[in-house]
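In each ligand, atom 1 is the first atom listed, and ligand 1 is the first ligand listed. Computed over heavy atoms, backbone and side chain alike; hydrogens, waters and symmetry mates excluded.
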Amino acid sequence: MNVVCIGSGYVGSITAASFAKWGHRTTIVDVDQRKIDLINAGKSPIYEPGLDTLIAQLVKDGLGKLTATTSYSSVSEANVVIIAVGTPSLKDGTADLKYVKSAAASIGTNLNPNRFTVIVNKSTVPVGTTDMVASIIEDASELKADENFAVVSNPEFLREGYALEDVFGPDRIVVGSNHKRARRVMRQMYSELLKHAPKVKYVETDVKSAELIKYASNAFLAVKISYINEMARLCESLGANVLEIAKGMGLDSRIGDKFLQVSSGWSGSCFPKDTKELLATSRKYGCDLSIVEASVTSNERMHRYCVEKIQRQLKTLNGKTIGILGLTFKPNTDDARETQAQYVIRTLLRMDSKVNAHDPKGMEMFQMMNEGLAVQYCLQAEEIAKRADALILLTHWEEYRALDWTRIFHAMRTPYILDTRNFLDGNTLRAIGFHYEGIGV
Ligand code: UDX
C-alpha cells in the first residue's frame, strides 16, 4: 500500500518506520526541512533506541520504502494518510488542534477524487476530532466523507524509550470506524503485524470510543502511579516498605505489577497533557472526573514531597548546592518536556539553592525548554557532586548505577542522596558513607 504519514515527531517517525518495515511504501511529510533531510540521509529525527538503525536500513536498502518530503503531493497516490502531528496544551488545558486542522486542510487539497483514501487520526485528539477532520477535508476537497474518503481513529499507545518494542509487539490495535471499506483497508495496513504477532488484540469500535480509549487509558495509568506514590508516602509515616506493597499488590492479576514504580511523580509529553485535556473536556460537558482530578493534585504533591524531603534533611535550602541526576521524564529518551525536574529545579531555585544538573540525553532539550533558568549543566554526571549538599536522582538512567560513587562521595560537602526511583543500591552507597534515602522504603 501507499502510506503517507503527516508529522515526523515521536509518533510520526516511529509509525512511518514501522509501516515501511511491514512492506508499505511510506512517505513522511513534515514542514521541518531539517527533519526531512535527516530521514532521507537514513537518520532518525528524534532520539529513540533502535530507530536510527531501522531508518538507516529502510532508507538505504534502495527499495524506496521510506522517504520524506515537505510536499503533500504524495497524498494523491495514497491508500492511507496518517495524521501524526503534535497536539500541545492550550492555556485552558484543552488540546491545541491547529496542526491537525492545517494537516487536514492540506490533505483535502491534495486528495485524489478518483480513488478511495483512508485518513487516520493517530495524534491524541479530543473526542469528536475525527468528525471535525472529515468536515475540514470535505471543505478543502469538495469531496464527500464516507464516499471518496473516510476518516478513522487509530490511537497510538507507544511509550517513548520502548517505542519499537511497543509498535512491533503491541497489546492491542484500536480502530474506530463504522465504515466497512475503511475497516478493510486498516486491517490490510496492519496485516503484516497481525500475521507475525498473533497475540495482538485487534479492536474495532466506533470512532468516539476509539478516541476516548486513548485518554481513558493514559488517565488510568496516571491514577495508578499517583496511587502507589501515595502509598509510598503512607509507608514513610507507618514504617512499611512500598516495594513490598507493590509486589504484594501486583501479584493480584486484577491489579497487575506494571506501573507500580515509585517516582517523584509522573510527567512527560503525554500524561500531563492528556489528563488536562480530559479534565477540560469533561468540565465542558458538565461531567466531573474527580478521580483523575485527584490524581493530578496528588502528583503535584509528590513533586513537592521530594523537595520537602531534601529540605527536612538540609533544614534550610538557601545557599545549598543540589545536584540533579536526570532531566528527562524517564530513561531512554531525550524528551525533556514538562518533566519532574522542571518542577523540582524551579522550586529549589526559588528557595535560593544552587543547582547542578546532568542528563545523558535530555540536557539540550531541557535547556531549550527552560531558557534563562540558572542551572549549572554538567557534561559528566560526577561533576554535579562538586561541593554539593545533596543529590537527587529523578530519572533512573541505567548508567547512573555505574557512576564513580566513591569519587562523588569525596566531592560532596554533605553526602546525602535522595533516590526518588528506589533504583540505586542503597547498601553499597551506605557502605561508602552516603546518607542514602529512597522513597517509601
Ligand atoms: C504514555 C503511555 O504509557 C503510552 O501508552 C502513551 O502512548 C503515551 O503516554 P510515555 O509518556 O512515553 O507513555 O511514558 P510512560 O512510560 O507511560 O511513563 C509516563 C510517566 O510515568 C514517566 O514520568 C514515568 O517515569 C512515570 N512512571 C511510569 C512512574 O512514575 N511509575 C511507573 O510505574 C511507570
Side-chain angles (χ1 to χ4, degrees), residues 9-12 14-15 18 46-49 51 84 86-87 95 122-125 154-167 169-174 210-211 213-233 242-243 245-247 249-250 255-278 295-296 298-303 305-306 325-344 359 362 393-398 419-423 438-440:
Y10 282 92
V11 172
I14 292 158
T15 303
S18 65
I46 53 155
Y47 173 73
E48 177 64 36
L51 189 60
T87 51
K122 226 180 214 315
S123 303
T124 302
V125 287
N154 174 217
E156 182 48 64
F157 299 100
L158 62 81
R159 292 162 304 163
E160 289 178 22
Y162 304 89
L164 295 188
E165 201 181 300
D166 288 348
V167 163
D171 290 332
R172 81 297 208 188
I173 305 285
V174 174
E211 290 173 328
I213 284 171
K214 169 72 189 210
Y215 282 103
S217 302
N218 271 3
F220 185 84
L221 292 171
V223 168
K224 196 172 179 188
I225 301 167
S226 289
Y227 185 82
I228 199 67
N229 280 341
E230 287 200 351
M231 286 301 135
R233 303 204 292 266
V242 75
L243 297 176
I245 310 299
K247 193 161 112 197
M249 283 172 65
I255 298 174
D257 60 359
K258 296 195 177 122
F259 277 65
L260 288 178
Q261 276 161 15
V262 173
S263 59
S264 57
W266 44 263
S267 69
S269 45
C270 292
F271 286 180
K273 175 169 80 74
D274 294 353
T275 46
K276 259 186 231 152
E277 161 56 42
L278 190 60
S295 145
V296 174
S298 169
N299 195 50
E300 282 160 8
R301 176 78 194 89
M302 197 64 201
H303 295 339
Y305 188 76
C306 292
L325 285 173
L327 298 171
T328 51
F329 71 113
K330 61 175 187 178
N332 299 324
T333 176
D334 62 351
D335 196 342
R337 289 175 284 179
E338 284 226 35
T339 66
Q340 299 92 332
Q342 191 173 310
Y343 178 91
V344 170
D359 191 280
L393 181 140
L394 292 174
T395 320
H396 48 306
W397 284 95
E398 193 53 43
D419 175 1
T420 67
R421 304 273 182 165
N422 297 328
F423 170 71
I439 291 191

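Shortest contact from atom 24 (C) of ligand 1 to any protein heavy atom: Phe329 O, 3.8 Å. Taking atom 5 (O) of ligand 1 as the reference point, the nearest protein heavy-atom neighbour is Phe157 O, 2.7 Å. In this structure, atom 2 (C) of ligand 1 lies nearest to the protein heavy atom Asn218 OD1, 3.5 Å. Closest protein heavy atom to atom 12 (O) of ligand 1: Glu160 N, 2.7 Å. Closest to atom 20 (C) of ligand 1 among all protein heavy atoms lies Ser267 O, 3.6 Å.
Between Arg421 and ligand 1 there is a heavy-atom distance shorter than 4.0 Å. Residue contacts with ligand 1 do not include Gly268, since none of its heavy atoms lies under 4.0 Å from the ligand. For the pair Lys224 and ligand 1, no heavy-atom separation below 4.0 Å is found.
The two atoms that bring Ala84 and Gly12 nearest to each other are CB-CA, 3.7 Å, heavy atoms only. The two residues Pro272 and Glu338 have their closest heavy-atom pair at CB-OE1, 3.6 Å. What you find for Ser18 and Val167 is that their closest heavy atoms are CB-CG1, 3.2 Å.
Listed by number with element, the atoms of ligand 1 under 4.0 Å from a non-hydrogen atom of Ser263 are 29 (C), 30 (O). Annotation for ligand 1: atoms under 4.0 Å from non-hydrogen atoms of Gln340 are 23 (O). Of all the atoms in ligand 1, the ones that sit under 4.0 Å from a non-hydrogen atom of Leu260 are 33 (O). Atoms of ligand 1 lying under 4.0 Å from any heavy atom of Cys270, numbered from 1 in the order shown and given with element: 8 (C), 9 (O), 11 (O).
Using modelled atom types, one finds a donor on one side chain and an acceptor on the other under 3.5 Å when comparing Thr87 with Lys273. Between the side chains of Ser263 and Gln340, not a single donor N or O lies within less than 3.5 Å of an accepting N or O.
Residue contacts with ligand 1 for Thr395 are absent, since no atom lies close enough (heavy atoms, distance under 4.0 Å). Residue-level proximity to ligand 1 for Phe271 is carried by the side chain, the only part with a heavy atom below 4.0 angstrom.
For ligand 1, the polar-atom distance check against Arg159 finds no nitrogen or oxygen pair separated by under 3.5 Å. For ligand 1, the polar-atom distance check finds no N/O of Val262 at less than 3.5 Å from any of the ligand's N/O atoms. On a distance-only criterion, His396 and ligand 1 share no N/O pair closer than 3.5 Å. At a 3.5 angstrom cut-off on N or O pairs, Trp266 does not count as close to ligand 1.
Between atom CZ of residue Arg421 and atom OG1 of residue Thr395 there is a gap of 6.0 Å, rounded to the nearest 0.5 Å. Note that the CD1 atom of Ile439 and the CZ atom of Arg233 stand 9.5 Å from one another [nearest 0.5 Å]. Going from atom CG of Leu394 over to atom OG1 of Thr328 covers 9.5 Å, rounded to the nearest 0.5 Å.
When the options Leu158, Ile225, Ile228 are ranked by their closest heavy atom to atom 7 (O) of ligand 1, first place goes to Leu158. Among Glu338, Lys330, Gln261, the residue whose heavy atom lies closest to atom 10 (P) of ligand 1 is Lys330.
Note that Arg159 lies in the cation-pi zone of Tyr162, set by a 6.0 Å cut-off to the ring centre and a 45° limit from the axis.
By the 30° and 60° cut-offs, the orientation of the rings of Trp266 relative to Phe271 is perpendicular.
With contacts defined as side-chain heavy-atom distances shorter than 4.5 Å, the pair Leu260/Met231 does not qualify.
Each of Leu51, Thr333, Asp335, Val11 was evaluated against Ile46; a single residue qualifies, Leu51, per the side-chain contact (heavy atoms from CB on, under 4.5 Å) test.
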